[in-house]
Structure formats: structure tokens, C-alpha cells
Number of protein chains: 2
Amino acid sequence: MGIDALDARLIVLLAREPRIGVQEASRRLGVARGTVQARLDRLQSNGVIRGFGPEVDPAALGYPVTAFATLEIKQGQGADVRAHLSGVPEVLELHTTTGHGDMLCRLVARSNADLQRVIDLVVGFDGIVRASTAIVMENPVPLRIIPLVEQAAGDS
Amino acid sequence: MGIDALDARLIVLLAREPRIGVQEASRRLGVARGTVQARLDRLQSNGVIRGFGPEVDPAALGYPVTAFATLEIKQGQGADVRAHLSGVPEVLELHTTTGHGDMLCRLVARSNADLQRVIDLVVGFDGIVRASTAIVMENPVPLRIIPLVEQAAGDS
DNA sequence: CACTCACTGGGCACTATGCCCACCAAAAAC
DNA sequence: GTTTTTGGTGGGCATAGTGCCCAGTGAGTG
């Protein structure tokens with residue numbers, strides 16, 4: 001576990017220009033193609049790189065509203081709630097957490113009005129005691145990984 | 001704006017097996033290669049597909065702890081706080097929200113102990129009045145988009 | 001009816017891929 | 001101090017995919 005500077009440069013390069021292939025990457029990094037191939041294989045079998053799936057923008061799909069909901073769960077109902085929420089397409093991710101709530105989930109909706117429908121879908125379930133929702137207004141830092149990769153490479 | 005069933009099948013296919021190319025995709029979908037190419041181009045220029053960057057697992061980088069922090073900001077300090085947080089690599093994303101807090105950010109750390117360091121980094125800034133942190137224990141629903149894509153295709 | 005638009009199926013040159021190999025240097029093991 | 005791994009280099013190879021072109025067709029629209 002751990003990553004060196006070349007790994008980091010490779011990941012950053014792929015993050016910035018995903019369309020380039022192994023050949024082009026080897027040229028940009030100034031190393032042999034075989035090296036890039038070996039690094040990529042290792043990073044993927046390591047699990048550092050999970051895959052290269054398409055990044056889909058919910059807004060472009062017609063779901064421009066994002067919200068985070070903190071849920072409080074009735075004791076022992078965790079599994080049922082998980083199953084229920086995983087069946088709701090508008091629930092993009094779900095975490096169980098410490099702290100005031102028991103779960104935190106990310107929601108999307110077609111509009112603020114539609115968010116009401118989604119929230120009703122989410123909390124309209126027996127195991128959920130209470131929900132508090134925060135609507136996202138701006139997203140000054142979109143989900144990113146590059147700075148972390150660079151830091152992980154720097155002090156490893 | 002909107003997506004049809006073929007678009008959805010293409011996105012789902014790419015999400016499940018990102019390594020396949022246009023050729024293979026056209027075979028799987030039973031359409032001509034040119035069609036897949038045209039659809040892909042359209043989805044990308046639409047912004048529906050933002051890109052195909054590598055999905056990096058912070059845990060595999062040595063950051064297995066994830067947390068969400070709700071921040072309360074001093075009036076008029078929003079911009080400064082944004083700039084400060086975007087300079088912290090462990091801040092993976094940042095949103096401004098309605099509700100009790102003013103901002104919500106996703107953090108990662110090397111350990112629970114290290115999380116203390118990260119939180120100090122984050123809140124050790126003038127504009128931040130208060131922070132409450134929820135540590136993620138489990139992630140029953142990892143960030144996903146497929147169900148939403150399928151729904152968007154179904155009722156469009 | 002004419003027109004546009006998306007899809008088809010084919011062809012083309014070019015390039016990348018996956019997979020070999022021998023060779024080399026630095027680090028690790030003995 | 002010598003031997004063995006390990007990781008990188010640079011090259012070659014057949015296969016396959018890419019980007020890009022075209023003419024033809026069928027559906028939907030004005």
C-alpha cells in the first residue's frame with residue numbers, strides 16, 4: 001500500500017485527460033510503455049484505481065437539485081432501511097455515521113418541489129424516526145481526488 | 001435534455017464494463033458502431049457524461065477514514081472559507097447548503113487519530129464558527145448513478 | 001410530397017493494444 | 001561481497017480498434 005511519484009503523475013494525467021491511452025501516457029510521462037502498463041495493472045489490482053466508469057452528471061439527466069439528508073433510525077431497523085433506500089434511484093449514496101444522526105444520504109431531485117416527493121419516498125418507511133435535510137446551493141469543491149493523490153505520493 | 005433507452009443502456013454498459021471500446025459496445029447493444037460513436041459524442045457534449053476519469057479509492061491510498069463535517073460560517077467569510085478548504089487535500093468535496101449548517105464537506109484521514117489533525121486543519125480558520133463531524137462507519141450504498149440513469153430513461 | 005435526421009453497413013489508413021523478448025541497474029537477500 | 005529479485009527499458013509482432021469517410025434506408029415532420 002502506498003504510491004510513488006510516478007503512480008501519482010500517472011493518476012493525475014489520467015484524471016486530466018482520460019481519453020489518452022497507455023501509449024500516449026508513456027510519452028507524456030517520459031517512461032516506457034511497458035512501465036505504464038505495469039503500473040496501471042498494479043494500481044488496478046491494488047484497488048487504488050477502481051475503474052474508469054463514465055462520470056454522469058445528474059443535473060444533465062434532469063436532476064439539478066442535490067440534498068443531503070440526515071436520518072435517525074429506529075433501533076434494529078438498520079438493515080431494512082438500507083434495503084429500502086438502495087431501492088430508491090434518487091438516493092445516490094448512503095452512509096452510516098456516528099453523531100446526531102444514524103445515516104447520511106445524498107439525494108437528487110428534478111426540482112425543489114420534486115425533492116419533496118423524494119424525501120417522502122425516503123422517509124416514508126417505518127424504520128425512520130426523523131430526517132433533516134440540507135439542500136445544496138453551491139458546490140465550490142466538486143468531488144476531487146487529485147490533491148489527495150499528490151499528497152499521498154509526496155509523503156510516502 | 002433527456003435520455004432515451006439506448007443512451008441508458010450504453011451508459012449502464014460502460015459503467016459495468018468500462019474497459020470495452022466503441023466496437024465492443026456496439027456489438028453488445030446490437031447497433032452499428034457509428035451509432036454508438038454518435039451517441040457517445042452527444043452524451044459528452046451534452047455534459048451527461050463528464051468524462052472517464054479513474055475512480056480512485058482513498059482507502060487504498062492510505063486514507064480509510066471518511067467523515068462529513070457541517071460547518072457554520074461567520075457572515076461574509078464564505079469566499080475565504082472556500083479558498084481555505086479547497087487548499088486542504090483531505091477535503092474531497094464541499095457544498096454550501098441550507099439548513100442548520102452553512103457548509104457540508106467530505107473529509108478523509110489516515111486514521112481516527114489523524115482525523116483530529118484534519119479537522120484542526122479545516123476548522124483552524126477564522127471564518128469558521130462551529131463544526132460538527134460525523135464519522136462514516138459503513139457505506140451501504142456507494143456513490144452510484146445507474147438506477148438514476150435507468151429511471152431517467154424510463155420516464156422521459 | 002419533400003425534407004431532415006438517425007441509424008446502417010461497409011471501407012479505409014492509421015494506431016494502439018496485448019504480449020512477447022533480451023538486457024540492464026539498483027535494491028534486497030544471503 | 002556476491003547472488004537473486006525486482007522494476008524499468010526498448011524493441012518487435014500479429015491482432016484489433018479507432019477515427020473518419022461514404023451511400024443507402026426508414027421514420028417522422030412540415
Side-chain angles (χ1 to χ4, degrees), chain A residues 1-57 60-62 146 148-156, chain B residues 1-57 59-62 146 149-156:
Chain A
M1 164 166 320
I3 260 188
D4 70 6
L6 182 57
D7 288 324
R9 286 203 299 146
L10 177 58
I11 293 175
V12 171
L13 178 62
L14 288 174
R16 280 204 243 272
E17 306 178 54
R19 317 217 77 188
I20 71 174
V22 174
Q23 184 109 254
E24 182 63 19
S26 73
R27 278 195 280 261
R28 304 284 187 91
L29 298 175
V31 297
R33 182 166 67 103
T35 304
V36 172
Q37 247 160 4
R39 294 299 187 114
L40 253 189
D41 288 351
R42 218 201 51 201
L43 288 171
Q44 297 208 64
S45 59
N46 268 356
V48 173
I49 296 181
R50 251 192 247 108
F52 292 87
E55 288 157 32
V56 177
D57 183 3
L61 279 180
I146 292 182
L148 193 67
V149 168
E150 282 166 346
Q151 166 155 317
D155 54 40
S156 72
Chain B
M1 166 164 319
I3 260 190
D4 71 5
L6 182 57
D7 289 323
R9 287 203 298 143
L10 177 58
I11 293 174
V12 171
L13 179 61
L14 289 174
R16 279 204 244 273
E17 305 179 54
R19 317 218 76 189
I20 70 175
V22 174
Q23 182 110 257
E24 181 63 19
S26 73
R27 278 195 281 261
R28 304 280 187 92
L29 297 175
V31 298
R33 182 166 66 103
T35 305
V36 172
Q37 247 160 6
R39 293 300 188 113
L40 253 188
D41 288 350
R42 218 201 49 201
L43 287 172
Q44 297 208 61
S45 59
N46 267 355
V48 173
I49 295 182
R50 252 191 248 109
F52 292 88
E55 290 158 29
V56 177
D57 181 4
L61 278 180
I146 292 183
V149 168
E150 282 167 345
Q151 166 156 317
D155 54 39
S156 75

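Convention: sequence-line order gives letters A, B, ...; per-chain numbering from 1. Because the structure is a prediction, the values reported are computed rather than measured.
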N/O (side chain, B:Thr35) to phosphate O (OP1/OP2, C:dA6) under 4.0 Å: no

Using whole Å, report how far CZ of A:Arg39 lies from C1' of D:dT9. 13 Å

Starting the side chain at C-beta, find the nucleotide from D:dT9, C:dT8, D:dT18 nearest to B:Ala32. C:dT8

Contact class for A:Arg19 vs. all strands (heavy atom < 4.0 Å): base, sugar-phosphate, or nothing? nothing

Working to the nearest 0.5 Å, report the span between CZ of B:Arg9 and CG of B:Leu13. 9.0 Å

Taking C-beta and beyond as the side chain, do A:Thr35 and A:Leu29 meet within less than 4.5 Å on heavy atoms? no

Would you say B:Gln37 places a side-chain N or O within less than 4.0 Å of OP1 or OP2 belonging to D:dT18? no

Could you tell me the separation between the CD atom of B:Glu24 and the C1' atom of D:dA16, rounded to a whole number of Å? 11 Å

A:Asn46 and B:Ala60: which non-hydrogen atoms are nearest, and at how many Å? O-CB, 4.3 Å

At less than 3.5 Å, do the side-chain atoms of A:Arg33 and the base atoms of D:dG8 form a donor-acceptor pair? no

Please report the distance, rounded to the nearest Å, between CZ in A:Phe52 and P in C:dT17. 12 Å

Among D:dG7, C:dC7, D:dT9, find the nucleotide with the atom closest to the side chain of A:Val31. D:dT9

Between B:Arg27 and D:dG17, is there a contact of a side-chain N or O with OP1 or OP2 at under 4.0 Å? yes

The residue among A:Ile3, A:Asp7, A:Val22 that forms side chain to side chain contact (heavy atoms under 4.5 Å, CB included) with A:Arg39 is A:Asp7

Remember a base hit wins even if backbone is also touched, and classify A:Arg42 as base, sugar-phosphate or nothing at under 4.0 Å, heavy atoms. nothing

Write down the distance between CD (A:Gln23) and P (D:dG12), rounded to a whole number of angstrom. 13 Å

Over all atoms of both residues, closest heavy-atom pair of A:Ile11 and B:Pro54: O-CG, 4.1 Å

Length of the CG-P vector between B:Leu29 and C:dG9, whole Å: 14 Å

Just how far, in rounded Å, is P of D:dC20 from CG of B:Asp41? 9 Å

